[in-house]
Amino acid sequence: MSAESKKAHNFILSLIEEAVREGKHTGKVVTRFPPEPNGYLHIGHAKSICLNFGIAEAFDGECNLRFDDTNPEKESQEYIDAIKRDVTWLGYEWAGEVRYASDYFDAIYDFAVELIEKGKAYVCSLSADQMAEYRGTLKEPGRNSPYRDRPVEENLQLFRDMRAGKYGNGEMVLRAKIDMASPNINLRDPILYRIRYADHHQTADKWCIYPMYDFTHPISDALEYVTHSLCTLEFEDHRPLYDWVLAHISVPCRPRQIEFARLNLNYTITSKRKLKRLVDEGHCDGWDDPRMPTVSGMRRRGYTPESIRTFCDMIGVNKAGGTVDMGMLEHAIREDLNTRAPRAMCVMRPLKVTLVNYPDDQTETLTLPVHPQNPDMGTREVPWTKTLFIDREDFAEEPPRKWKRLAPDQAVRLRGGYVMTCREVVRNASGEIVELRCEYDPATLGVNPDGYKPNGVVHWVSATDSVDVDINQYDRLFNHESPDSDKEGDFVEHLNPGSLVRLTGARVEKSLATPRHDLPYQFEREGYFFFDERLSSASRPVFNRTVTLRDSWAKAKS
Ligand code: ATP
Ligand code: MG
């Protein structure tokens with residue numbers, strides 16, 4: 001078995017390896033990723049996707065994509081399309097066609113009938129409130145429903161009538177007959193079917209009864225010959241029910257449920273319900289807002305599929321849980337982009353520089369590497385002209401000690417270009433600095449100046465041959481480490497008001513007039529920035545800041 005070489009190790013992989021070694025598992029390994037189409041996928045789902053597809057890949061098996069679509073009111077085709085797009089973008093290919101739990105509604109109905117015939121399920125007419133009361137508590141056993149001993153024939157007829165639409169929403173349910181005294185509340189005659197007059201995105205108005213998740217899931221797994229049904233820890237207490245269902249109906253195989261800890265990430269939330277609130281209440285610009293921890297938001301922000309998969313490998317899979325630092329995710333994207341992102345220069349807050357000794361109508365074309373450590377990525381052409389822009393923050397009239405940038409009568413090198421010395425500061429009527437008049441040294445292209453030393457290197461663009469752009473400087477969406485831990489308060493109160501700073505009128509070098517759509521750029525000395533296809537217009541490109549060059553949050557904390 002080559003699992004080791006292909007995949008970061010985790011306890012589930014080890015468990016399957018051992019079963020294979022001991023001859024307890026023969027045949028193909030089949031897993032599934034089973035999202036409910038009631039929202040967009042987030043980084044927590046990415047962990048589950050990497051795990052399920054990764055396990056299948058490691059054992060040359062298969063992973064299905066199955067929509068767990070038993071709550072029609074909350075689900076939609078928009079979510080289905082988004083989820084398919086995200087799984088594909090992450091780099092995974094599901095086996096065969098996309099599947100839907102609703103594909104199995106007929107089969108699930110027949111299995112319910114089988115349970116009734118075996119005396120293992122009954123139609124219960126208690127109201128929801130009564131049922132809660134009969135259920136008991138963690139400390140006290142529940143009580144049997146007065147409808148528990150309905151004869152099989154009556155149950156069959158009532159269940160058929162439920163399906164035929166003879167009863168209203170909530171009037172009756174089908175329940176498993178297990179044990180009202182079980183210490184595991186999930187086994188106290190759980191509901192298998194409920195009445196819901198709701199149109200379904202796949203089955204339209206065919207059904208007015210829908211099976212519950214706990215009944216649907218084991219059956220769907222078995223019908224797909226899933227061998228390992230991986231789910232998050234909150235389903236551990238449901239496993240006895242999962243096994244009970246499979247033990248009492250005639251399914252072709254017995255999948256095994258294994259639980260792992262869900263991913264929690266600090267400074268964000270990973271709950272579809274809460275993310276939906278941010279969208280519905282307009283706290284962000286939709287599910288794919290670049291600040292959202294959704295796969296589509298991260299894609300728009302400039303995250304690469306590789307960085308997300310690396311992150312999932314880094315955090316591993318276990319039963320212990322805990323919270324992962326957002327810094328790890330940012331580290332993963334920085335590392336990936338550091339080796340792959342093309343370099344470019346962008347001046348965020350332009351300050352005009354005139355090279356007083358440069359001929360008025362002369363221009364030169366400088367050839368700079370796309371990536372300084374990777375010559376295979378080629379070169380780019382950057383025009384050098386009499387007027388340039390540098391960043392306002394790279395000039396100080398009264399520089400602090402050890403200033404590494406430009407100041408009066410001091411010299412800096414312009415990245416990839418010449419060395420220049422500032423000779424004059426020009427102000428407007430209100431005293432604001434509007435221009436620097438500098439002298440360039442024609443003998444310094446690629447060579448150190450003779451007899452003096454520049455302070456440092458700053459980035460720049462031509463003032464007359466560059467592109468006007470807008471920059472979205474994104475930061476973390478929340479300024480609280482665990483925005484939803486506060487049970488009294490509302491997580492929305494912890495939104496970071498500085499999570500988006502819009503800069504207009506930044507300037508990028510000419511080569512970015514037609515920017516790449518596939519990878520962010522490293523804007524030298526600034527960070528990584530990704531072209532936003534949605535916000536850009538032909539005349540004004542918009543770039544989203546993916547991540548800064550260094551982790552400023554770690555510094556702020558220490
Ligand atoms: P949410 O609470 O965000 O709605 P969910 O579990 O209800 O999540 P599903 O669509 O049912 O969402 O999830 C599909 C799969 O992804 C499930 O197997 C689920 O266990 C897994 N999953 C969801 N959230 C996480 C997470 N934070 N970490 C790891 N796996 C997750
Ligand atoms: Mg769920």
Side-chain angles (χ1 to χ4, degrees), residues 10-12 31-56 63-72 74-76 78-84 86-87 90 92 94 98-102 201 212-214 216-218 220-221 224 226 228-239 242 255-280 287 292-298 308-309 311-324 326 328-329 482-484 491:
N10 64 59
F11 82 95
I12 298 175
T31 57
R32 86 288 169 264
F33 173 63
E36 182 174 359
N38 61 352
Y40 280 55
L41 297 182
H42 54 61
I43 183 70
H45 295 113
K47 171 176 176 171
S48 175
I49 292 170
C50 290
L51 174 64
N52 278 293
F53 282 91
I55 291 275
C63 181
N64 297 341
L65 173 62
R66 181 206 310 145
F67 288 102
D68 166 28
D69 55 349
T70 54
N71 284 307
K74 294 195 171 148
E75 300 163 1
S76 78
E78 177 197 347
Y79 297 139
I80 292 175
D81 296 340
I83 290 169
K84 282 166 30 182
D86 288 348
V87 173
L90 281 171
Y92 295 108
W94 51 86
V98 170
R99 295 146 212 261
Y100 297 86
S102 55
H201 47 94
M212 301 296 286
Y213 172 88
D214 280 332
T216 309
H217 211 80
S220 307
D221 283 344
E224 292 177 10
V226 164
H228 299 84
S229 180
L230 313 180
C231 64
T232 40
L233 277 177
E234 62 279 19
F235 290 101
E236 197 167 25
D237 290 343
H238 296 238
R239 185 175 357 116
Y242 182 98
R256 172 173 176 198
Q257 176 178 311
I258 304 172
E259 308 86 15
F260 63 96
R262 54 194 301 130
L263 166 67
N264 297 308
L265 199 56
N266 66 6
Y267 293 101
T268 194
I269 46 177
T270 45
S271 147
K272 271 186 287 188
R273 190 173 54 76
K274 290 179 181 163
L275 293 173
K276 187 167 187 308
R277 252 193 77 194
L278 294 179
V279 175
D280 291 345
W287 285 98
M292 291 280 269
T294 51
V295 174
S296 52
M298 294 170 71
I308 295 175
R309 294 206 304 261
F311 168 74
C312 290
D313 274 351
M314 272 159 62
I315 58 174
V317 177
N318 57 45
K319 283 209 182 254
T323 300
V324 173
M326 178 66 92
M328 266 172 90
L329 182 59
S482 43
D484 55 357
F491 67 96

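Just so we're clear, the structure is a prediction, and the values are computed from it rather than from any experiment. All values below come from the heavy atoms of this structure, side chains included, with hydrogens, waters and symmetry mates left out. Both counts, for ligands and for their atoms, begin at 1 and track the order of listing.
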A.B. asks: Pick, from Lys272, Lys47, Glu259, Arg66, the option with the minimum heavy-atom distance to atom 9 (P) of ligand 1.
C.D. replies: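 Nearest option to atom 9 (P) of ligand 1, by heavy atoms: Lys272.
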
A.B. asks: First locate atom OG of Ser229, then atom CZ of Arg239, and finally report the distance between them rounded to the nearest 0.5 Å.
C.D. replies: 11.0 Å

A.B. asks: Please verify the inter-ring angle class for Tyr79 with Trp287; under 30° counts as parallel, over 60° as perpendicular, anything in between as tilted.
C.D. replies: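 Ring orientation, 0 to 90° scale: perpendicular.
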
A.B. asks: Report yes if some N/O of Asn38 lies less than 3.5 Å from some N/O of ligand 1; otherwise report no.
C.D. replies: no

A.B. asks: Residues in side chain to side chain donor-acceptor pair (under 3.5 Å) with Thr70, at least two apart?
C.D. replies: none

A.B. asks: Compute whether any side-chain donor of one residue and acceptor of the other, for Asn38 and Glu75, lie under 3.5 angstrom apart.
C.D. replies: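 No, no side-chain donor-acceptor contact under 3.5 Å.
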
A.B. asks: Please compare Arg262, His42, Arg32 and report which has the shortest non-hydrogen distance to atom 6 (O) of ligand 1.
C.D. replies: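 Looking at heavy atoms only, the winner is Arg262.
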
A.B. asks: Does Lys276 NZ have over 12 foreign heavy atoms under 6.0 Å away?
C.D. replies: no

A.B. asks: If you measure only the distance, is there a donor-acceptor pair under 3.5 Å linking the side chains of Asn52 and Tyr92?
C.D. replies: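 Side-chain D/A pair, Asn52 to Tyr92: absent.
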
A.B. asks: Using a 4.0 Å heavy-atom threshold (strictly under), name the region of Phe33 that reaches ligand 1: side chain, backbone, both or neither.
C.D. replies: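 It is the side chain that touches ligand 1; the backbone stays farther off.
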
A.B. asks: Taking distance alone, with no angle check, do Glu36 and ligand 1 share an N/O pair under 3.5 Å?
C.D. replies: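 There is such a contact, yes.
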
A.B. asks: Hey, looking at atom 30 (N) of ligand 1, which of Ser271, Pro37, Cys231, Gly44 has the closest heavy atom?
C.D. replies: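 It is Gly44 that holds the nearest heavy atom.
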
A.B. asks: Does an N or O from Arg273, backbone or side chain, lie closer than 3.5 Å to an N or O of ligand 1?
C.D. replies: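 N/O-N/O distance below 3.5 Å does not exist for this pair.
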
A.B. asks: Answer yes or no: does an N/O atom from Phe235 fall short of 3.5 Å to an N/O atom of ligand 1?
C.D. replies: no

A.B. asks: Run down the list Pro35, Gly321, Ala46 and name the one with the heavy atom closest to atom 14 (C) of ligand 1.
C.D. replies: Pro35

A.B. asks: Report yes if the distance between the aromatic ring centroids of His217 and Tyr213 is under 6.0 Å, otherwise no.
C.D. replies: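 That pair passes the under 6.0 Å test.
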
